[in-house]
Amino acid sequence: MSKVGFSPADILVPKDGKMSGWSVVACDQYTSEPEYWERVKKTVGDAPSTLHMILPEVYLEEKGVSDRINGINKTMQSYLDGGIFRKLSDSYLYVERTLAPGKVRHGLIGKLDLEEYDYAAGTQSLVRPTEGTVESRLPPRIKVRENAPLETPHIMVLIDDFMRGVIEPLATKTAHMEQVYGFDLMENGGNIKGWAVDSQTRDEIDAALFYLSTGLTSHHEKFVQGKEPLLIAVGDGNHSLATAKACFEQLKNTMPKEQWKNHPARYALVELVNVHDAAMEFEPIHRVLFGVDSEKVLAELKKYYRVSLSDNGGQSFEYIAGSKRERLYIEEPPSQLAVGTLQQFIDWYLAKFGGSVDYIHGDEVVEHLAKNEGTIGFLLPVMKKSQLFPTVLLDGALPRKTFSMGHAYEKRYYLECREIR
């Protein structure tokens, strides 16, 4: 499985207890809503919980962060020493997350080989980020992980399995697998169920992943020149995965290869999801410019690109400025996606003329903001799921804030753990 970078892991889950209190949403959600995290603290109380093993980013600017981190490490060790975990050795966990009625996302918990992942710009690694990594966001995360005995993931990685041969077959086999957990997640997170994959099914998963990998390699050799195969793309939690990579690279400098190549910190626990899963939905993230002259923005845009008001079959996006609203078509765009083409212009314009940009979910919010003086909004089209892998392959990491994989409450919750020391 070293050829695919994803393999079974020694997975830790609580033996018993209040699972809905144990599992909390990713630390990078609700960063402007401290009241959310206060509610979570009241729900959890002093009971064992992943809340006590993470540092919600809403608290990053507060005093005492170092003390919080020390407390996190002590809590992790106390959970290990206290025997609250059950270990599923060399195993996968099949997961079904019910997000809304009729909307179930299917995933597979396993470990990702950090030797096959790189977050550097222009990387050709087997596992790649879908968006650029902001390295200034890593130091506080590194402080949490570098001395931690455990990891608990909110990382979701994607495969482009249009034949649905890796994860989807597991839905028909749950009657023959042990259900490890099944409960409602707090704060409208829906329901989650997890099954321990038996050894025969594990081997079938490995074979399907290897088949997907070899088919991809064969396709690249025939049709894609100068690009290495992309098997796994990071969907959510890229900065957490980059943190794991940075910590592992530091560790490698302290020991010979024979030690680090088998060290548990070489791997990171993740959830693998098929980008073609019916419950996987991409939503556009729009742009609004503030402190600008909208007429000047449009004039410079028309100098920067060849712009048409009639459909030429190319990329397009809408702008809204006051009462004006039009769709613009870009001839010979430089990016595979409209968002990349627009972001290139925005970065250039703001650097030259000033102003600021915000990234907005929802058409109606953009429409409201763009009515104000000195503001212009751009509505971007939805990126098709089928575009993700080809675009990352050809263009590299996507522009920041290209798409969203659902609402905050649909993000991955912390639940499973793994020892990393």
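If you're wondering where the values come from, they're calculated on a predicted model, not measured in any experiment.
One side chain, Q315 or T341, offers a donor N or O that lies under 3.5 Å from an acceptor on the other. A donor-acceptor contact closer than 3.5 angstrom links the side chains of Y181 and E416. Counting only N and O atoms by type, the side chains of D160 and H276 include a donor and acceptor under 3.5 Å apart. For the residue pair N238 and Y117, a side-chain donor N or O sits within less than 3.5 Å of a side-chain acceptor on the partner. In the model, S240 has a side-chain atom that pairs as donor or acceptor with a side-chain atom of R141 under 3.5 Å.
Using a cut-off of 4.0 Å between Lys/Arg side-chain N and Asp/Glu carboxylate O, E271 and R97 are scored as not salt-bridged. In this structure, R325 pairs ionically with E367, as a charged nitrogen and a carboxylate oxygen lie closer than 4.0 Å. A salt bridge between E204 and K173 is present, with a side-chain N of the basic residue lying under 4.0 Å from a carboxylate O of the acidic one. With respect to the salt-bridge test (charged N to carboxylate O, under 4.0 angstrom), the residues D118 and R128 do not qualify. Using a cut-off of 4.0 Å between Lys/Arg side-chain N and Asp/Glu carboxylate O, K261 and E115 are scored as not salt-bridged. Between R421 and E151, none of the side-chain N atoms (NZ, or NE/NH1/NH2) sits under 4.0 Å from a carboxylate O, so this pair counts as no salt bridge.
What you find for V4 and L231 is that their closest heavy atoms are O-CD2, 3.5 Å.
Seen from the ring of Y359, R287 does not count as a face-on cation partner, given the 6.0 Å and 45° thresholds.
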ask   = How far apart are the C-alpha atoms of H106 and N274, what are their side-chain angles, what is the distance that settles it, and do they pass the side-chain hydrogen bond (donor to acceptor under 3.5 Å, both in side chains) test?
value = CA-CA 8 Å; H106 308 81; N274 186 4; over 6 Å; no
Criterion side-chain hydrogen bond (donor to acceptor under 3.5 Å, both in side chains) on Y94 and E96, from CA distance to verdict = CA-CA 7 Å; Y94 167 61; E96 291 183 352; 2.7 Å; yes
task = Go through R327 and S316 one step at a time and tell me if the side-chain hydrogen bond (donor to acceptor under 3.5 Å, both in side chains) criterion holds.
result = CA-CA 7 Å; R327 179 168 292 277; S316 71; 2.9 Å; yes
task = Please report the C-alpha distance between E131 and K401 in whole Å, then the side-chain angles of each, then the deciding distance to 0.1 Å, and finally whether the salt bridge (Lys or Arg N to Asp or Glu O under 4.0 Å) criterion is met.
result = CA-CA 8 Å; E131 294 188 355; K401 303 292 186 180; over 6 Å; no
query = After noting the C-alpha distance and the side-chain angles of R39 and E33, does the key distance pass the salt bridge (Lys or Arg N to Asp or Glu O under 4.0 Å) rule?
reply = CA-CA 10 Å; R39 289 199 308 271; E33 301 178 52; 5.8 Å; no
message = One pair to check against side-chain hydrogen bond (donor to acceptor under 3.5 Å, both in side chains): S7 and K111. What are the steps and the verdict?
response = CA-CA 6 Å; S7 58; K111 69 180 190 294; 3.0 Å; yes
task = Assess whether salt bridge (Lys or Arg N to Asp or Glu O under 4.0 Å) is satisfied between E249 and K245, documenting all intermediate values.
result = CA-CA 6 Å; E249 291 300 322; K245 174 73 170 180; 3.3 Å; yes
request  = In sequence, state the C-alpha distance, the side-chain angles, and the governing distance for W348 and Y305, and then conclude on ring pair (Phe, Tyr, Trp, His ring centres under 6.0 Å).
outcome  = CA-CA 12 Å; W348 171 84; Y305 292 128; 9.5 Å; no
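Under the side-chain contact (heavy atoms from CB on, under 4.5 Å) rule, T50 has a single partner from V25, V44, V24, which is V24.
Between R418 and P264, the closest side-chain pair of non-hydrogen atoms falls below 4.5 Å. Looking at V180 and L88, their side chains come closer than 4.5 Å, going by heavy atoms from C-beta outward.
Checked against the 6.0 Å centroid criterion, the rings of W37 and Y59 do not qualify as a close aromatic pair. For an aromatic pair to be called close, the ring centres must be under 6.0 Å apart, and Y92 with F6 satisfies this.
Between Y349 and F353, the ring-plane angle classifies as tilted under the 30° and 60° cut-offs. Classified by interplanar angle (parallel below 30°, tilted 30° to 60°, perpendicular above 60°), the ring pair Y30/Y36 is parallel.
Every residue two or more places apart in sequence or in another chain that forms a side chain to side chain contact (heavy atoms under 4.5 Å, CB included) with T98 is listed here: V104, N191.
Between the side chain of T402 and the main chain of L398, no donor-acceptor pair closer than 3.5 Å is present.
Counting heavy-atom neighbours within 6.0 Å of H263 NE2, excluding the residue itself, gives a total above 12.
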